[in-house]
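One structure is given below, encoded as structure tokens.
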2 protein chains.
Amino acid sequence: MTPRTSAQGRSTATHTATTSVEDYAKTIYGLAEWDGASVTASALAKTLGVSNPSVTLMMRKMAELGLVEHRPYAPIALTDAGRQLALAMVRRHRLIETWLVRELGYGWDEVHEEAERLEHAVSETFVDRLDMRLGHPRVDPHGDPIPGPDLTLDYPETELLCRVPAAAQVRLEQVDDAVPDALLALDTHRVPIGAQVTVTATDGGAVVLSPAGIVGEQAVEGIRLTHEITHAMRVSLIR
Amino acid sequence: MTPRTSAQGRSTATHTATTSVEDYAKTIYGLAEWDGASVTASALAKTLGVSNPSVTLMMRKMAELGLVEHRPYAPIALTDAGRQLALAMVRRHRLIETWLVRELGYGWDEVHEEAERLEHAVSETFVDRLDMRLGHPRVDPHGDPIPGPDLTLDYPETELLCRVPAAAQVRLEQVDDAVPDALLALDTHRVPIGAQVTVTATDGGAVVLSPAGIVGEQAVEGIRLTHEITHAMRVSLIR
DNA sequence: TTGCAGTTTTAGGTGTGCCTAAACCATACT
DNA sequence: AGTATGGTTTAGGCACACCTAAAACTGCAA
């Protein structure tokens with residue numbers, strides 16, 4: 001599951017990649033990674049906000065570039081080179097977000113869009129110097145792990161919040177920075193990354209949370225989160 | 001000479017501008033500004049590294065957008081809106097350069113290319129926050145003045161080094177960051193921005209400099225700069 | 001004044017990345 | 001097994017920004 005990394009890091013493909021190619025690679029990686037599901041053309045189209053035919057065409061192109069495996073009508077998977085490219089983009093994105101929050105006073109809910117544009121414009125040198133200045137952070141402000149310079153990534157053991165059974169005690173580890181509603185919900189209910197909570201009830205993906213440690217009878221107001229939001233959060237199970 | 005600035009700053013044009021349009025506007029402004037000459041299509045083509053017909057086409061487009069005045073076969077000039085856009089880009093460019101040098105440890109000869117890409121990717125918000133963090137600098141590391149948030153710009157009284165007569169005492173005020181040879185020459189001869197020097201001899205644009213204060217007989221090795229390089233520097237006259 | 005040289009524009013064409021509409025396949029259901 | 005329903009691909013086009021080659025204009029000079 002953990003991506004294999006060839007020694008010298010990004011090679012030819014990374015240099016020929018256009019902004020679009022970079023976005024496709026990152027999105028394919030994100031879908032496969034976050035959900036653990038196989039990536040379909042239409043899922044990709046929906047996430048990227050483009051039409052289905054556009055995806056088909058781009059997949060043909062990226063297959064020729066050696067970035068994806070794609071036989072007609074079959075699901076889409078990144079090659080090793082494609083994963084390299086995706087991880088390089090993820091690294092950029094998360095380092096930039098960390099910097100925007102730490103040094104330019106951005107809120108964690110403001111950084112995504114800005115990073116989305118900047119990540120295509122910065123050089124390798126820039127990324128390395130930024131990484132050094134920030135002290136080689138391991139996670140970004142949303143709890144997402146940042147790939148190292150060699151593009152390896154250690155995953156904590158996490159699960160999508162929408163898949164956790166009722167009554168579980170969990171710790172909030174990551175939020176998808178691309179889902180503003182999720183960030184907003186955590187802000188308004190004062191639930192930071194690292195908070196421990198109990199899943200009081202589940203309803204087909206929607207979830208009700210209470211502060212951890214609340215046992216039973218106390219009538220605490222729970223926090224209700226929609227499926228869309230719980231799908232944008234990953235948690236680790238406690239005990 | 002100093003561009004007039006309408007109250008609320010950048011309006012429609014700034015938001016519809018593509019990367020190319022932004023580059024054209026900035027380049028037209030730079031040519032008119034630095035040289036004081038009227039801008040021809042071929043000068044623009046050469047500076048931007050594109051063909052002449054590409055310039056013609058782009059001028060038609062930018063005229064429709066209300067960014068340039070351009071009657072066929074006539075020289076090119078920015079409209080007020082075009083100058084707004086150009087100044088917004090100059091502001092971005094120079095603030096980004098200042099930041100790269102001050103906080104990411106870039107050399108002043110490394111920043112141009114990086115800033116050239118970043119300036120098209122950052123938001124207005126980003127620029128304003130960066131400006132605040134840097135303490136509203138008035139000049140960038142190359143001595144070039146940085147337009148304020150209202151896009152006005154105060155020019156010091158300067159002249160191109162290649163136009164200064166022999167025997168003049170001058171102070172180095174600005175270097176064109178887009179000319180690496182000029183930056184290199186100043187680095188190797190240890191001449192910083194603000195240095196006072198005497199123009200010992202001129203030769204059709206090429207110039208020999210000596211440290212200021214050297215009067216006559218002392219046989220000091222002068223610094224010889226080509227026309228290409230002296231054209232990339234601006235100085236103020238002393239006394 | 002006419003002609004020529006150089007600049008500028010028109011004409012026609014390329015590559016990228018996107019779109020809609022229409023054909024196509026593969027699977028799930030009756 | 002046969003067919004409907006969806007996801008997927010082909011077909012045909014558009015916008016942007018660039019190119020080369022050829023035509024058109026300007027203005028200087030014989």
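In what follows, every heavy atom counts, from backbone to side chain, and hydrogens, waters and symmetry copies are set aside.
- Distance CD (A:Glu64) to P (C:dT16): 10 Å, rounded to an integer number of Å.
- What separates CE of B:Met62 from C1' of D:dA17 is a distance of 13 Å, to the nearest Å.
- The listed nucleotides are C:dT9, D:dT8, C:dG17; the one nearest the side chain of B:Ala41 is C:dT9.
- Taking the six-membered ring for Trp and the full ring otherwise, B:His112 and B:His142 have centroids separated by 6.0 Å or more.
- If you measure from atom OH of B:Tyr24 to atom P of D:dC16, you get 14 Å, rounded to the nearest angstrom.
- Side-chain N/O atoms of A:Ser20 include one lying less than 4.0 angstrom from OP1 or OP2 on C:dC18.
- Here B:His227 contributes atom NE2 and B:Leu161 contributes atom CG; the two are 9.5 Å apart, rounded to the nearest 0.5 Å.
- Distances were taken from every side-chain heavy atom of A:Ser54 (C-beta onward) to each of C:dT9, D:dT9, C:dC18; the shortest belongs to C:dC18.
- Taking the side chain as every heavy atom from C-beta outward, A:Val127 and A:Leu95 approach each other to under 4.5 Å.
- Contact annotation: B:Thr18 side-chain N/O to D:dC16 OP1/OP2 distance is not under 4.0 Å.
- Annotation: side chain of A:Trp108 is in contact with side chain of A:Asp187 (closest heavy-atom distance under 4.5 Å).
- Comparing atom distances between the B:Pro53 side chain and each of C:dA11, D:dC16, C:dT8 picks out C:dA11 as nearest.
- Within the structure, every side-chain polar atom (N or O) of B:Ser51 is placed at least 4.0 Å from both OP1 and OP2 of D:dC18.
- Closest approach to the B:Val50 side chain among C:dT9, C:dC19, D:dC19 is made by D:dC19 (side chain taken as heavy atoms from C-beta onward).
- At a threshold of 4.0 angstrom between heavy atoms, the contacts of A:Ser42 are confined to the sugar-phosphate backbone, with no base atom among them.
- The nearest whole Å value for the distance from the CE atom in A:Met59 to the P atom in D:dT8 is 12 Å.
- In this structure, A:Leu57 atom CG and D:dC14 atom P are separated by 16 Å, rounded to whole Å.
- Straight-line distance from the CE atom of B:Met58 to the C1' atom of D:dA15: 12 Å, rounded to whole Å.
- Ring geometry for B:Phe126 versus B:Trp99: interplanar angle over 60°, hence perpendicular rather than tilted (30 to 60°).
- Between the CZ atom of B:Arg60 and the C1' atom of C:dT10 there is a distance of 8 Å, given to the nearest Å.
- Of all nucleotides listed (C:dT9, C:dC18, D:dC18), C:dT9 comes nearest to the side chain of B:Pro72.
- If you check D:dT8, D:dC19, C:dC19 against the side chain of A:Tyr73, the one that comes closest is D:dT8.
- Whole-Å rounding puts the A:His70 NE2 to D:dT9 C1' distance at 8 Å.
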